[in-house]
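These numbers come from the heavy atoms of this one structure, side chains and all, not from hydrogens, waters or symmetry mates.
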Amino acid sequence: MMDVRWNLDLSKIYRAPIFQTRSARDAQYQLSRQLVDHGLRWFPGEVSASLYRRELNRISLMILQYGTEVEVSPLTFEDFTLVQMPLKGAVQIESAGTCIRVVPGEVAVVPRGCPVRLLWEPGCEQLILRLPDSLLADAGDTPHGVASLAGARLPSGLAAGVHWCQERTREAPGSHRGMAVPLAGSSKPNWTDSVYKIRADLIDPWIGMLQQAVSLLPAGNTHLLHPAWLNQFEQTLAGFVYAHQPTVLKAAERFDDGGPDEVTPGYRAGQCSQLDRLEDYIRSRLFAPLSLADLARAAGVTARTLNVVCHRHRGVAPMTLVRNLRLDAARQRLLSGLPVSITEVAMEYGFGHLGRFSAYYRERFGELPKQTGRALKEAQCAQSPQLDSRRLAAMAS
């Protein structure tokens, strides 16, 4: 089965049913065995619970639904974190005073050690990843050793996703303020946020890595992949989730080694050659996928220095600068008066998700793309009678 929202092929998971039941008691028993002991409070409605589950290596991928509305009160997760992605319907998650509602197109993370309450709305179905803490606790200390890969190579698409994540993780506060992603020797990761959503502009790279994870599920019961390679890939997935907590990201974007930078007001071309080279490079590749490493090479600086330059002169992180320049170009296209659709403009400038494009556009310009187009048409219509009257006056004279 294909999830059209994310273009994820989930058929390998749907072919592995664990249970399907219309009994509330049986559903609770089965789920307690599969995840963690928990309480269920069922609301009026038809129970139609099912669970599908596949194992990558240490990561579990599950698709779960209850049918009717249900309140879930599990015991605290002691040694794993859950990533929850609604495929249909919505779920409300409460933990440590934080309450979020997650809908299709969004990704929520429930870290280990947080008391949590979940309210599944009627008809909700979710893709759930179970990430064991061991993936973070031994990150950087692969049991088989990186050298033992003996030349094993990643598929090009996966290599790009892994490289992107590794570059972003190096920019997390672990390299700035001592809030590191756990390395070898640490027992459990120190999560800073209770429950949170993955930021909207980070969902596309997450979905790219998740699609690779689904495609790597073995057709049978035996993996053909090198175990050290697979272990590193799973650590990359877990590290991405950990490194992109809101608190961690906020700290990473505000600080470098010397603390917060002042933004240089009224930047003019020529003030910073690195920034000029960077922006020229971005504008020449407004559609192409760009990584932090690509940007650093184009500017001729390290990723750390690039982050400082962008914050000092533009007040944003490098990847946010890329998005802003693409949005600026998209707006100019919409204001050009040429007969193009909003979807065409979004795709032309590298925005594969129309909803997120509209949200970014409104955040930057204070209006939706369709409002820009509507305002342009109204202005053109308002000018037309004036032009006609001027033509008539000229003919009369």
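- Take S284 and apply the side chain to side chain contact (heavy atoms under 4.5 Å, CB included) test, not counting sequence neighbours, and it matches no residue.
- E234 pairs by the side chain to side chain contact (heavy atoms under 4.5 Å, CB included) definition with L56, N57, R58, I59, L135, not counting sequence neighbours.
- Listed for the T305 side chain is no donor-acceptor partner under 3.5 Å among the backbone atoms of V301.
- For the pair F19/L31, a side-chain contact is recorded, criterion being any heavy-atom separation below 4.5 Å from C-beta on.
- Panel note: side chain R54, backbone P218; a donor-acceptor pair is recorded below 3.5 Å.
- Cation-pi geometry between R15 and Y52 is not met: the NZ or CZ atom fails to fall both under 6.0 Å from the ring centre and inside 45° of the normal.
- Taking 4.5 Å as the limit, every side-chain heavy atom of D79 sits out of range of all side-chain heavy atoms of P132.
- Ring geometry for Y66 versus W42: interplanar angle over 60°, hence perpendicular rather than tilted (30 to 60°).
- Residues A228 and H226 approach most closely at N-ND1, 3.1 Å, considering heavy atoms.
- For F287, the CZ atom sits in a loose shell: 12 or fewer heavy atoms of surrounding residues, nucleotides or ligands are nearer than 6.0 Å.
- Taking hydrophobic clusters as Ile, Leu, Val, Met, Phe, Trp and Tyr residues chained together by side-chain heavy-atom distances below 4.5 Å, M347 does not share a cluster with Y360.
- Comment: E121 engages R101 in a salt bridge, judged by a side-chain N to carboxylate O separation of less than 4.0 angstrom.
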Review point. Are S48 and R22 close enough, and set up right, to give a side-chain contact (heavy atoms from CB on, under 4.5 Å), and what steps lead you there?
Key: CA-CA 5 Å; S48 180; R22 297 186 180 277; 3.9 Å; yes

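- Distance check, rounded to the nearest 0.5 Å: CD of E71 to CH2 of W120 gives 14.0 Å.
- M319 contributes atom CE, which lies 10.0 Å from atom CG of L321 (distance to the nearest 0.5 angstrom).
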**Study point:** Stepwise side-chain contact (heavy atoms from CB on, under 4.5 Å) check, V83 with L210
**Key:** CA-CA 11 Å; V83 179; L210 180 58; over 6 Å; no

Practice item. Show the numbers, then the answer: is there a side-chain contact (heavy atoms from CB on, under 4.5 Å) between L82 and L129? Key: CA-CA 6 Å; L82 290 184; L129 274 72; over 6 Å; no

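- Without hydrogens or angle criteria, Q245 side chain to Y242 main chain gives a donor-acceptor distance under 3.5 Å.
- At a threshold of 4.5 Å between side-chain heavy atoms, the hydrophobic network of Ile, Leu, Val, Met, Phe, Trp and Tyr places I342 and L368 in two separate groups.
- Atom CG of residue L119 and atom CZ of residue R41 lie 8.0 Å apart, to the nearest 0.5 angstrom.
- Counted within 6.0 Å of CZ on R117, heavy atoms from surrounding residues, nucleotides or ligands total more than 12; the atom is thus considered enclosed.
- Note on I128: it clusters hydrophobically with I100, by side-chain heavy-atom contacts below 4.5 Å among ILVMFWY residues.
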**Study point:** Criterion salt bridge (Lys or Arg N to Asp or Glu O under 4.0 Å) on R356 and D204, from CA distance to verdict
**Key:** CA-CA 10 Å; R356 284 198 284 276; D204 281 344; 2.5 Å; yes

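- A heavy-atom distance below 4.5 Å is not found between the side chains of S32 and Q30.
- Nearest heavy atom pair, residue L131 against residue A238, reads CD1-CA, 4.2 Å.
- There is a side-chain donor-acceptor pair under 3.5 Å between T372 and E367.
- The closest side-chain heavy-atom distance from S50 to L64 is not below 4.5 Å.
- Between L278 and C310, the shortest heavy-atom contact is CD2-SG, 3.7 Å.
- Paired with L118 under the rule side-chain contact (heavy atoms from CB on, under 4.5 Å), one option of Q84, E94, Q92 passes, and it is Q84.
- Between the D9 side chain and the S11 main chain, a donor and an acceptor come within less than 3.5 Å of each other.
- A donor-acceptor pair is defined here as one N or O able to donate and one able to accept, closer than 3.5 Å; no such pair exists between the side chain of T320 and the backbone of V316.
- S23 and Y29 share no donor-acceptor pair across their side chains, judged by distance under 3.5 Å alone.
- Residue D294 comes nearest to P289 through the heavy atom pair OD2-O, 4.2 Å, listed as atom of the first residue, atom of the second, then distance.
- A salt bridge links R364 to D328: one of the charged nitrogens lies within less than 4.0 Å of a carboxylate oxygen.
- The distance between the ring centers of H244 and F240 falls below 6.0 angstrom.
- Rounded to the nearest 0.5 angstrom, F351 CZ and T343 OG1 are separated by 13.5 Å.
- No side-chain donor from either of E46 and T68 sits under 3.5 Å from a side-chain acceptor of the other.
- W206 CH2 to D201 CG: the interatomic distance, rounded to the nearest 0.5 Å, is 15.5 Å.
- Inter-residue side-chain proximity for R314 and L275 is flagged as met; some heavy-atom pair is nearer than 4.5 Å.
- The cationic group of R112 does not satisfy the cation-pi geometry with F80, failing either the under 6.0 Å distance to the six-membered ring centre or the 45° limit from the ring axis.
- No donor-acceptor pair under 3.5 Å is formed between the side chain of H313 and the backbone N or O of V309.
- For the pair Q212/F233, a side-chain contact is recorded, criterion being any heavy-atom separation below 4.5 Å from C-beta on.
- Interatomic distance, S358 OG to E363 CD, rounded to the nearest 0.5 Å: 12.5 Å.
- No hydrogens or angles considered: nothing links the side chains of S273 and D276 as a donor-acceptor pair under 3.5 Å.
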**Study point:** Steps toward side-chain contact (heavy atoms from CB on, under 4.5 Å) verdict (R323, R326)
**Key:** CA-CA 5 Å; R323 187 177 74 220; R326 287 174 171 169; 5.7 Å; no

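- A 4.5 Å side-chain heavy-atom check between V70 and V47 finds every atom pair outside the cut-off.
- Using a 4.5 Å cut-off on side-chain heavy atoms (C-beta onward), I63 and E125 make contact.
- Minimum interatomic distance between K12 and L217 (heavy atoms only, all atoms of both residues): NZ-O, 2.7 Å.
- The closest donor-acceptor contact from the side chain of R53 to the backbone of Q34 lies under 3.5 Å.
- With no hydrogens or angles considered, no side-chain donor-acceptor pair links T98 and S95 at under 3.5 Å.
- Smallest separation of non-hydrogen atoms from A49 and A27: CB-CB, 3.8 Å.
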